[in-house]
K.L.:
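Got a structure for you, questions after.
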Amino acid sequence: MSFVKDVILDVDTGIDDALALILATRLTHALRIVGVTTVAGNVDLASATENTRSVLGLVERADVPVAAGADGPLARPLRTAPAFHGDGGLGDVDSSDWNVPRPPLLDEPAPSFIARLAREHPGQITIVATGPLTNLARALTEDATLARNLAGLVVMGGAIGVPGNASPVAEANFFTDPEAARIVLSADLPTILVPLDATEQVRIQRVDVERVRARAPSRRSPVADFALEICEFYLRACESHGREGAALHDPLAVAIAAIPELAETEPLAVQISTLDPLTAGQCVVDRRPRTPLRPELPPNVHSCTRVLADTSRQLILGEIFPR
Ligand code: RIB
Ligand code: CA
């Protein structure tokens, strides 16, 4: 019997979040999207929300409820990432003129939506978070039962044994809202961490984009054309920052939520620094052996280490650009 996981996707829809949304709607054998919540991160909240609704409309999933959340981090100013995602979050694409039925925006704020669905479906819902963890931190703070009502969390975030991408030591989602990341990783919630250590192994290359671009237009769909446009923007941005190819951060988190066997994990005791400016957002890992005299923090995440990179890449690109 196949096990389909009920998920809420918590996104700051920029380019790789958009790819992750497309992928999640394709993995119907493994994921059932019961809601999407939006948070400010790559772009402001309004753009993240409109982008999310547009992408869901484009993939004909106007049935998925969308709830908007935090317009900024818990305790510091918002820092967006236009260099990588464009001013609007979808590269050069303006989705405002798309003639597609889009999901309505719920009046209910994202933290309340998350907590309510978890109460209504105890132990069934997994959060897949691909943006700053502000919404989930607020939900955990507002509802003390949330951690035990959720089945688990898959979070794209952090840098364990590799450099950061937002600072020398911090990954962007944790850098944007370190206070939220600290709250979430301190909750008693089964957590799979998908850090840069894993996501940097799974990249889209220029040759991938050229291969899709070479297909006859009749063999491409509006979704593939959109994905092609934003991937080309993302690739140019990453290449201009000296990177070879572009890491598929958020799509990999969705793929691992669907197929955990794509990654090996190790239990880690991770704490998040909130100390500015040097280490805010850094994952501080305690690898010291625990002794009776030092009952330090027990492991609080299963952090992805080795990934089946080719398999993951082929899965992600094959679902986003089906032949
Ligand atoms: O560090 C990569 C993460 O930060 C991705 O989720 C990307 O979308 C940005 O939010
Ligand atoms: Ca993201």
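In this chain, residues are counted from 1 in sequence order. In each ligand, atom 1 is the first atom listed, and ligand 1 is the first ligand listed. Scope of the values below: all heavy atoms of this structure, side chains included, with no hydrogens, waters or symmetry mates. None of the values given here were measured: they were computed from a predicted structure.
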K.L.:
Considering only protein heavy atoms, which is closest to atom 10 (O) of ligand 1, and at what distance to one decimal place?
P.N.:
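For atom 10 (O) of ligand 1, the nearest protein heavy atom is N173 OD1, 2.8 Å.
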
K.L.:
What is the closest protein heavy atom to atom 1 (O) of ligand 1, and at what distance does it sit?
P.N.:
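Heavy-atom neighbour on the protein nearest atom 1 (O) of ligand 1: E171 OE2, 2.6 Å.
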
K.L.:
Backbone, side chain, both or neither: what part of D17 comes under 4.0 angstrom of ligand 1, heavy atoms only?
P.N.:
side chain

K.L.:
Can an N, O or S atom be found in D250 less than 3.0 Å away from the Ca ion (ligand 2)?
P.N.:
yes

K.L.:
I'd like to check V11 versus V39 (side-chain heavy atoms, cut-off strictly below 4.5 Å). Are they in contact?
P.N.:
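When only atoms from C-beta onward are counted, V39 and V11 do not touch, as no gap falls below 4.5 Å.
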
K.L.:
In the protein, which heavy atom is nearest to atom 6 (O) of ligand 1, and how far is it?
P.N.:
D250 OD1, 2.6 Å

K.L.:
Yes or no on side chain to side chain contact (heavy atoms under 4.5 Å, CB included) for R323 and R215, after CA distance, side-chain angles and deciding distance?
P.N.:
CA-CA 9 Å; R323 289 192 174 285; R215 287 182 198 167; 3.9 Å; yes

K.L.:
Pairs of nitrogen or oxygen atoms closer than 3.5 Å, one from H249 and one from ligand 1: do any exist?
P.N.:
no

K.L.:
Going by the side-chain contact (heavy atoms from CB on, under 4.5 Å) test, name the single residue among I160, L268, V154 that passes it with L193.
P.N.:
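Exactly one pass, corresponding to I160.
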
K.L.:
List every atom of ligand 1 that sits less than 4.0 Å from any heavy atom of N165, numbering the atoms from 1 in the order shown and giving each element.
P.N.:
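So the atoms of ligand 1 that pass are 1 (O), 2 (C).
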
K.L.:
Please work out which of T130, L19, T80, N42 has its closest non-hydrogen atom nearest to atom 9 (C) of ligand 1.
P.N.:
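Looking at heavy atoms only, the winner is N42.
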
K.L.:
Angle at the Ca ion (ligand 2) between O of T130 and OD1 of D17, to 10°?
P.N.:
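With the Ca ion (ligand 2) as the vertex, the angle is close to 140°.
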
